[in-house]
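The structure under discussion appears below in the form of structure tokens.
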Number of protein chains: 2
Amino acid sequence: MIPRRAEIARMHAELCSGISDPNRIAILYALSERPSNVTYLTTRLRLPQSTVSRHLRILRNSGLVRFERRGREVIYELSDERIIQALELLRDVLNERISTHSRLLEQISSPAKEAS
Amino acid sequence: MIPRRAEIARMHAELCSGISDPNRIAILYALSERPSNVTYLTTRLRLPQSTVSRHLRILRNSGLVRFERRGREVIYELSDERIIQALELLRDVLNERISTHSRLLEQISSPAKEAS
DNA sequence: ACAACGTATCCGGAAATGCGGATACGTACA
DNA sequence: TGTACGTATCCGCATTTCCGGATACGTTGT
């Protein structure tokens with residue numbers, strides 16, 4: 001019942017692929033602010049309802065979100081805070097690269113006096 | 001020159017999609033042990049050379065790895081340790097879920113005496 | 001200049017993924 | 001039971017992704 005090595009690798013990749021789409025990243029960040037139902041996400045992210053629902057199913061299947069029925073609504077929430085932590089780590093890497101990059105571009109277009 | 005919000009989201013997703021394939025995850029973990037050339041990765045991961053090369057190009061394009069020509073070889077290495085940290089965070093989430101899950105299954109198949 | 005080696009790219013085809021309107025399902029309340 | 005609302009799934013289509021053998025490119029040493 002305990003998955004073998006290759007199986008874990010597959011599941012690991014599946015978990016990662018859950019966060020590999022811009023809309024899903026947006027959904028995850030929205031859910032990190034507060035648990036929400038589908039309609040809220042739909043209006044907040046300005047996406048068709050079917051699109052949101054489809055992405056939520058993917059996030060469910062890869063175990064990134066939990067959900068709970070509440071009357072006619074379904075409330076979704078992040079299944080684990082570390083998911084956002086992982087996203088933040090990667091975003092930091094990205095932001096640093098961007099700011100380094102734009103600083104370099106600035107230096108090219110308007111080189112300041114060099115420090116000796 | 002500084003990318004706008006939506007653009008960053010796209011880049012963020014692109015960075016994430018770099019880690020959303022089992023072979024690429026394997027490559028990243030291998031590189032986290034030590035910088036390597038393509039041939040080494042090919043034999044270590046038992047993948048066709050073209051496959052390794054293709055994945056490395058993807059990893060390059062999303063900025064997850066750096067490379068350097070050394071004679072006829074090309075040495076690849078992780079561009080940032082935080083990439084592995086992010087992978088580890090997600091793997092932890094996965095492992096916990098797996099062990100919880102298999103513990104539950106055990107309890108079903110052979111329920112122990114309940115603690116009062 | 002040529003052979004050997006390491007790497008990157010090309011190519012054609014299979015499989016997966018995203019989209020969003022239309023539709024089906026489930027729940028609540030009259 | 002019927003109507004409204006919230007959500008999930010269906011469907012056809014376009015796009016992307018992955019694969020790996022074949023081939024091209026670049027470097028080294030003779």
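Treat the numbers as computed from the prediction; the structure is a model and nothing was measured. Letters A, B, ... are given to chains in the order of the sequence lines, protein chains preceding strands, and every chain is numbered from 1. Just so you know, these numbers use all the heavy atoms, side chains as well, and skip hydrogens, waters and symmetry mates.
Residues satisfying the side chain to side chain donor-acceptor pair (under 3.5 Å) test with A/R70, not counting sequence neighbours, are none. Applying the salt bridge (charged side-chain N to carboxylate O under 4.0 Å, His left out) test to B/E88 and every residue at least two apart in sequence or in another chain returns B/R91. Listed by chain and residue number, A/R82 satisfy the salt bridge (charged side-chain N to carboxylate O under 4.0 Å, His left out) test with A/D80 (two or more places apart in sequence, or in another chain).
In plain terms, the two heavy atoms of A/Q49 and A/T42 that are nearest each other are CA-OG1, 3.8 Å. What you find for A/A26 and A/L45 is that their closest heavy atoms are CB-CD2, 4.1 Å. The nearest pair of heavy atoms linking B/L56 to B/I27 is CD2-CG2, 3.9 Å.
Side-chain N or O atoms of B/R97 include one that pairs as donor or acceptor with a backbone N or O of A/G63 at under 3.5 Å. Distance alone, capped at 3.5 Å, is enough to place a donor-acceptor pair between the A/H12 side chain and the B/L87 backbone.
Using a 4.0 Å cut-off on heavy atoms, none of the residues of residues 20-31 of chain A approach DNA chain D. Proximity of residues 46-71 of chain B to DNA chain D (heavy atom under 4.0 angstrom from any strand atom) is restricted to B/P48, B/S50, B/T51, B/R54, B/H55, B/I58, B/R69, B/G71.
Proximity of B/H55 to B/T51: side-chain heavy atoms (C-beta onward) are separated by under 4.5 Å at one or more points. Contact check for B/R60 versus B/F67: side-chain heavy atoms found under the 4.5 Å cut-off.
Interface limits on DNA chain D: the 5'-most and 3'-most nucleotides within less than 4.0 Å of chain A heavy atoms are D/dA4 to D/dT9.
Rounded to whole Å, atom C1' of C/dC2 lies 13 Å from atom CZ of B/R72. When the C1' atom of C/dC5 is taken as reference, atom CD of B/E73 falls 10 Å away, rounded to whole Å.
Within 4.0 Å of B/Y40, counting heavy atoms only, lies no atom of the nucleic acid at all.
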